[in-house]
Every structure is written in C-alpha cells, then in structure tokens.
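Notes for the one structure printed next.
Start at 1 and go down the list; that is how both ligands and their atoms are numbered. Along the sequence shown, the residues carry numbers beginning at 1.
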Amino acid sequence: MTAYDQNNIFARILRGEIPCRKVYEDDSALAFHDINPQAPFHVLVIPKGPYVSMADFTANAPDALVLGFFRAVGKVAAELGLVDPGYRILANHGPDSHQEVPHLHIHIFGGKRLGPMLVRDWPKA
Ligand code: AMP
C-alpha cells in the first residue's frame, strides 16, 4: 500500500491550509461539498487521521475512530435529508477504482434518481 502523503489535498483541508465548504465536523470526521459535484448532493466525508484508503483505515485505524467515522457518514446523510429519498455511498481504493486523492473519503451522492450503480463495459465471458 502507498505511504500516506501528508501534503495531499484533503490533509491540507484538515489542517485548515485550504478552504472547503464544510457541512459537518466532529472529533472523528470532516464532511464538505465535493468541488466537482456529480449529483445535486455530493459530499465527501473524511476521517481525521492519516489513512490512504478504506484498506488502510480498516486495517490500521483505532476502533473508536472507525466507529466515529462511520457514524459521521450516517449522520451527514441524515442531516442532508437523504435518508428517505435515498442516497449512495462510494469509496475508491487504488488504481482500478480511479482513486485520485490518497486520503480515505466516502462520497455521498443524492438528490436525484441515481440510476444503476455501474455501466457494464467489459466483454462477456
Ligand atoms: P476520488 O476519485 O474518489 O479520489 O475522488 C476525489 C474527489 O475529490 C473528486 O470527486 C474531486 O472532485 C474531489 N476534490 C478534489 N479536490 C477537492 C477540493 N479541494 N475540495 C473538494 N473536493 C475536492
């Protein structure tokens, strides 16, 4: 797994070095609007700790942080009013997923009918 880059853009947001449109913060997590939204609601939730991805976080973060982070994801979706209409969460890990920022983030998408999860574009067996 790649080593954590202390200067990735989300680390800089956590340190307050660059701004974000914050929607929620607690001891475990920070949530803010994605700069390039893919749905009417597109919010990113990041843990407050140096974790590259879901694989790194679930293997190495303390239990209290894992718990607090996932509770924060649920809370943000609820506070955005997305529980009843529904929403999608997604986390990319590694090159096949097209992860661009090497700090774990969960995308929350909502605010419209999101359609099927993935487009089938690989050859049938
Ligand atoms: P991923 O491809 O899963 O790594 O997603 C990275 C996401 O971060 C993309 O949806 C970007 O639009 C978003 N992003 C990159 N820079 C910023 C920023 N400064 N503030 C908010 N979102 C950002």
Return the orientation label for the His103 and Phe10 ring planes: parallel under 30°, perpendicular over 60°, tilted otherwise.
-> perpendicular
Can you find a pair of side-chain heavy atoms, one from Val43 and one from Arg21, that are under 4.5 Å apart?
-> no
Can you tell me which residue pairs pass the salt bridge (Lys or Arg N to Asp or Glu O under 4.0 Å) test with a partner in residues 59-79, sequence neighbours excluded?
-> none
Could you pull out every N or O of ligand 1 that sits under 3.5 Å from a protein N or O, with the distance for each pair?
from	atom 1	to	atom 2	distance (Å)
ligand 1	2 (O)	His98	O	3.2
ligand 1	2 (O)	Glu100	N	3.3
ligand 1	3 (O)	Asn92	ND2	2.8
ligand 1	3 (O)	His105	NE2	2.8
ligand 1	3 (O)	His107	NE2	2.9
ligand 1	4 (O)	Glu100	N	2.6
ligand 1	4 (O)	Val101	N	3.0
ligand 1	4 (O)	His105	NE2	2.9
ligand 1	5 (O)	His105	NE2	3.1
ligand 1	5 (O)	His107	NE2	3.4
ligand 1	10 (O)	Asp34	OD1	3.3
ligand 1	10 (O)	Asp34	OD2	2.5
ligand 1	12 (O)	Asp34	OD1	2.5
ligand 1	22 (N)	Ile35	N	3.1

Got a second to check how far Asp34's CG is from His105's NE2, nearest 0.5 Å?
-> 8.0 Å
Out of curiosity, does Phe109 fall in the hydrophobic cluster containing Met54 (side-chain heavy atoms, cut-off under 4.5 Å, transitive links)?
-> no
Which is it for Val45 and Tyr24 under the side chain to side chain contact (heavy atoms under 4.5 Å, CB included) test, yes or no, and what are the steps along the way?
-> CA-CA 9 Å; Val45 190; Tyr24 177 81; over 6 Å; no
